[in-house]
Amino acid sequence: MKYLLIFLLSTFGLVGVRATDKLPKPTPLQMEWQKLENIAFVHFSINTFTDMEWGYGNESPSLFNPSQLDCRQWVKICKDAGMKGIILTAKHHDGFCLWPSKYTGHSVKNSPWKNGQGDVVREFSDACKEYGLKMGLYLSPWDCNHPDYGKPAYNEYFKKQLTELLTNYGELFEIWFDGANGGRGYYGTDSLHNRSITADYYDWKGFVGLVHKLQPKCIVHGGGLPDIRWVGNEEGHAAETHWSALRPNDQFEKDKSHPQQLNTGHENGTRWLPSETDVSVRPGWYYHAFEDHKVKTLPKLMNIYYESVGRNSLLLLNLSPDKRGLVHPIDSTRLLEWKRQLDLDFRENLISKNCKFSSGEPKNLKNAFDNNFNTYWQAKDNSGYLEVDFGIEITCNRLLLQEYIPDGQKVKSFSVEFWKEDKWIELTKATTIGYKRILRFLPVKTEKLRIRIDEALAPPMISTVAVYNAPVLLAQPEIRRDQSGKITILSPDKAGEIYYTTDGNQPTRIATRYSQPFLLDGPVTVKAMICNGTDNQGETTMQKFSGSKSGWKIVGETKTNPALFDGNPGSTWTSINGVKSLVIDLSAITQFHGITYLPDQSRGNYGIALNYLISVSNDGHSWENVSKGEFSNIRNNPIRQTIRTSKPLQARFLKLETTTISDGHKSLGIAELELITE
Ligand code: FUL
């Protein structure tokens with residue numbers, strides 16, 4: 001009987017229908033949220049003034065004193081960058097409140113800013129209304145300042161604060177409950193200690209109950225009863241296979257980490273819990289002057305977009321206003337460049353009314369190509385294809401697909417083919433689609449494209465198919481040379497053509513085209529630029545290399561350390577603990593006029609020398625001091641430092657020493673060291 005039923009259901013195509021019924025689906029609120037695609041985060045608080053990422057809770061409110069706070073500036077930048085909503089840290093882990101809460105003195109009301117009369121949340125809310133952006137708030141459950149934190153009473157305090165935020169500032173689209181909890185804090189005492197909490201410590205039912213009651217249109221991030229999930233990292237990427245559904249916590253796979261599973265979701269997930277990709281434009285969430293030169297590059301931000309929004313996630317991109325209370329011009333300029341590039345990438349959908357469409361299931365076929373998310377084409381069963389005939393040869397490098405997810409996420413795998421010389425050639429294979437999937441590939445010239453859905457959980461519904469030809473990202477190339485003298489030129493966009501010169505001339509399209517790393521040791525200047533094959537070219541990068549490093553050795557180390565001489569600013573050589581010097585054997589008497597020193601570029605900037613003594617020697621025993629001084633502002637701005645000596649030097653051994661390493665670190669951290677030879 002059971003088999004007869006299965007036979008009947010599958011024969012009449014009903015198995016798929018049943019599967020669809022069982023699939024988790026978004027609520028209308030989750031659906032509305034997903035469509036926002038791009039939203040902003042703002043981390044601004046007492047940490048901005050103490051230069052910290054996590055405060056302790058004992059910071060004096062008197063430290064909070066922005067000189068030119070202007071929430072309108074933040075919101076306008078976000079609006080211009082195409083963001084649809086913006087979330088502000090009303091209270092971070094240190095407990096300091098950006099609004100004059102009735103329930104604590106640890107807030108703006110005891111700060112010198114506006115003589116304690118100010119309310120950042122109010123100004124933020126007004127600015128969001130003025131620019132038409134949705135407003136969200138971040139409220140940290142962990143509170144290092146509150147005396148009751150860790151005790152039951154704190155839950156009541158939290159609810160009162162939450163009520164203030166949910167009732168006094170207008171409509172909220174998202175509330176962010178952060179899961180972080182380092183334990184340590186002052187908690188109303190005068191000594192730092194730990195307070196641990198149990199998994200059931202917070203009254204999530206109570207908190208979320210308040211949200212539902214007071215802000216029924218508000219999405220809840222984090223905590224015990226969330227509407228959306230964290231993407232599993234703070235670097236800005238969802239996994240290529242990305243399901244919006246998730247299994248309950250007790251059914252997570254034992255052999256895979258929790259963040260890894262959040263990053264992919266579960267194909268057989270039972271609740272709709274779409275991901276949000278939170279990432280900062282800077283390495284930190286809060287503003288630090290020493291990260292001014294580390295604002296993410298345009299290629300990096302483009303990758304983040306393609307690996308979040310383009311992989312069925314929602315992007316939450318953070319801005320860090322500075323001590324003035326303004327977004328730094330480096331950040332705002334970058335954000336607008338990013339928006340401009342996104343607009344260029346998606347300027348023209350090459351699918352138009354002139355195209356011909358075909359499929360094994362012709363019903364409602366046009367709906368997949370009409371650029372309207374709410375109309376869709378549905379395959380007959382769990383696979384199917386969609387074909388576009390452009391009528392003329394087009395060039396494309398992006399494919400954008402959307403599933404009609406109000407009915408659940410179904411596609412497990414698909415392939416893309418293009419028509420060439422009377423046959424279909426596979427361009428690429430991919431897995432999930434979900435709300436939005438954007439594939440990037442090297443440009444293809446073709447008259448026809450075919451999307452083959454190979455596997456799906458139920459008959460898939462496709463809302464959108466769009467095809468673009470994004471321009472080559474004409475960002476400057478990076479030129480590196482390793483210790484063996486091998487030069488590599490890196491382009492952020494693989495489709496870009498790189499041209500270079502080694503004779504000091506400006507590269508043009510008739511210069512040498514770069515195809516692979518090449519050997520060129522000794523003093524040389526390499527200039528390179530990227531162009532898109534036709535009329536546009538990016539700015540030229542110039543890199544001067546001094547003499548060969550091939551024989552260089554770090555004295556005391558048996559083998560040369562690749563990190564110090566590899567030409568890669570991202571890798572760091574670190575001295576043995578407690579040793580504040582570096583001696584290099586240049587292998588032969590060498591003429592030079594000083595050195596350049598690039599400190600450790602990693603997030604923690606470990607081992608930055610605050611001052612220097614440079615000595616040279618011909619035998620490695622008797623040394624002559626040739627230069628001594630301080631690196632000004634190196635802690636705040638750890639860029640490449642240049643030390644020129646007053647007279648030319650001739651030596652085989654070079655010593656760089658320091659007496660003071662930043663932040664009390666015990667070892668020197670050097671990314672790169674070069675000789676100045678002219
Ligand atoms: C994390 C926090 O600990 C960071 O400080 C930041 O707020 C980030 C968005 O979430 O969990």
Side-chain angles (χ1 to χ4, degrees), residues 41-48 50 52-59 87-98 101 103-104 106-107 136-162 165 174-208 210-211 220-235 246 249-250 252 257-263 273 275-280 284-286 316 318 603-604:
F41 224 165
V42 174
H43 275 67
F44 179 68
S45 189
I46 205 97
N47 289 339
T48 313
T50 54
M52 293 188 76
E53 281 289 305
W54 280 7
Y56 289 109
N58 65 336
E59 294 80 12
I87 303 174
L88 169 67
T89 50
K91 178 184 87 165
H92 205 249
H93 311 322
D94 52 71
F96 182 78
C97 299
L98 290 185
S101 172
Y103 307 102
T104 176
H106 199 54
S107 84
L137 291 173
Y138 165 116
L139 187 67
S140 170
W142 178 29
D143 188 323
C144 302
N145 172 268
H146 200 274
D148 287 338
Y149 183 77
K151 304 175 187 162
Y154 174 78
N155 277 303
E156 299 316 307
Y157 169 73
F158 192 82
K159 278 184 229 166
K160 286 186 199 153
Q161 288 205 315
L162 186 57
L165 294 177
E174 183 169 335
I175 185 105
W176 233 81
F177 296 133
D178 198 322
N181 194 320
R184 97 279 183 280
Y186 278 84
Y187 305 116
T189 69
D190 56 6
S191 65
L192 185 66
H193 60 280
N194 265 278
R195 277 196 185 168
S196 58
I197 52 162
T198 52
D200 59 356
Y201 170 62
Y202 295 118
D203 176 10
W204 289 117
K205 264 198 179 152
F207 301 169
V208 175
L210 277 176
V211 179
V220 177
H221 172 283
L225 293 165
D227 295 316
I228 54 172
R229 71 178 199 258
W230 179 50
V231 79
N233 62 67
E234 291 182 354
E235 273 92 55
L246 213 62
N249 265 346
D250 55 1
F252 271 32
S257 74
H258 208 262
Q260 204 183 345
Q261 295 185 59
L262 296 175
N263 200 234
L273 214 60
S275 78
E276 185 182 68
T277 301
D278 60 319
V279 56
S280 187
W285 293 98
Y286 284 95
L316 173 56
N318 180 65
R603 174 88 199 273

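What you see below is based on every heavy atom in this structure, not just the backbone, and it leaves out hydrogens, waters and symmetry mates. No experiment lies behind these values; they were computed from the predicted model shown.
- Asn58 contributes atom CG, which lies 13.0 Å from atom CZ of Phe96 (distance to the nearest 0.5 angstrom).
- Side-chain atoms of Arg184 and Cys144, non-hydrogen and from C-beta on, do get closer than 4.5 Å to each other.
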Next item on the list: Evaluate the criterion side-chain contact (heavy atoms from CB on, under 4.5 Å) for residue pair Cys97 and Gln161; output intermediate values, then yes/no.
Entry: CA-CA 9 Å; Cys97 299; Gln161 288 205 315; 3.3 Å; yes

Next item on the list: For side-chain contact (heavy atoms from CB on, under 4.5 Å), just list the numbers for Thr89 and Val42, CA-CA rounded to whole Å, side-chain angles, deciding distance to a tenth of an Å, and then say yes or no.
Entry: CA-CA 6 Å; Thr89 50; Val42 174; 5.8 Å; no

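- Evaluated for a side chain to side chain contact (heavy atoms under 4.5 Å, CB included) with His92, the options Ile46, Leu139, Leu98, Asn47 yield exactly one hit, Asn47.
- Here the shortest heavy-atom pairing between Pro141 and Asp178 reads CD-O, 3.3 Å.
- The aromatic rings of Trp142 and Trp54 sit perpendicular to each other, their planes meeting at more than 60°, with 30° as the lower class boundary.
- Residues Leu316 and Thr277 form no side-chain contact, since every pair of their non-hydrogen atoms from C-beta on lies 4.5 Å or further apart.
- Contact of the Thr189 side chain with the Ser191 side chain is registered, since non-hydrogen atoms from C-beta on lie closer than 4.5 Å.
- Nearest approach of Leu246 to Gln261, heavy atoms of both residues: CD1-O, 4.2 Å.
- Between Ile228 and Leu273 there is no side-chain heavy-atom pair separated by less than 4.5 Å.
- For residues 142-159, the pairs satisfying salt bridge (charged side-chain N to carboxylate O under 4.0 Å, His left out) are Lys91-Asp143, Glu156-Lys159, Lys159-Asp203, with sequence neighbours left out.
- Using a 4.5 Å cut-off on side-chain heavy atoms (C-beta onward), His221 and Glu174 make contact.
- Taking OG of Ser280 as the reference point, atom CD of Glu234 lies at 9.0 Å (rounded to 0.5 Å).
- Residues Asp94 and Tyr56 fail the side-chain proximity criterion, which asks for heavy atoms closer than 4.5 Å.
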Margin query: Is there a side-chain contact (heavy atoms from CB on, under 4.5 Å) between His193 and Tyr186? Walk through the geometry before answering.
Written below: CA-CA 6 Å; His193 60 280; Tyr186 278 84; over 6 Å; no

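- Note on ring orientation: taking the six-membered ring where Trp is involved, the planes of Tyr149 and Tyr202 are tilted (angle from 30° to 60°).
- Residues Val220 and Leu225 are not in side-chain contact: their nearest non-hydrogen atoms beyond the backbone lie 4.5 Å or more apart.
- Inter-residue side-chain proximity for Asp278 and Trp285 is flagged as met; some heavy-atom pair is nearer than 4.5 Å.
- A distance of 8.0 Å separates CG of Asn263 from OG of Ser275, quoted to the nearest 0.5 Å.
- A pairwise comparison of heavy atoms in Tyr286 and Met52 identifies CB-O, 3.7 Å as the closest pair.
- When every heavy atom of Ile197 is checked against every heavy atom of Gly150, the shortest pair comes out as CG2-CA, 4.0 Å.
- Between Phe207 and Phe177, the ring planes lie tilted relative to each other; the angle falls in the 30° to 60° range.
- Considering every non-hydrogen atom in both Pro226 and Gly222, the closest pair reads CB-O, 3.5 Å.
- The aromatic rings of His93 and Tyr138 sit tilted relative to each other, their planes meeting at an angle between 30° and 60°.
- Residues satisfying the ring pair (Phe, Tyr, Trp, His ring centres under 6.0 Å) test with Tyr157, not counting sequence neighbours, are His146, Tyr154.
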Check: What's the verdict on side-chain contact (heavy atoms from CB on, under 4.5 Å) for Trp176 and Glu276, showing C-alpha distance, side-chain angles and the deciding distance?
Finding: CA-CA 11 Å; Trp176 233 81; Glu276 185 182 68; 2.8 Å; yes

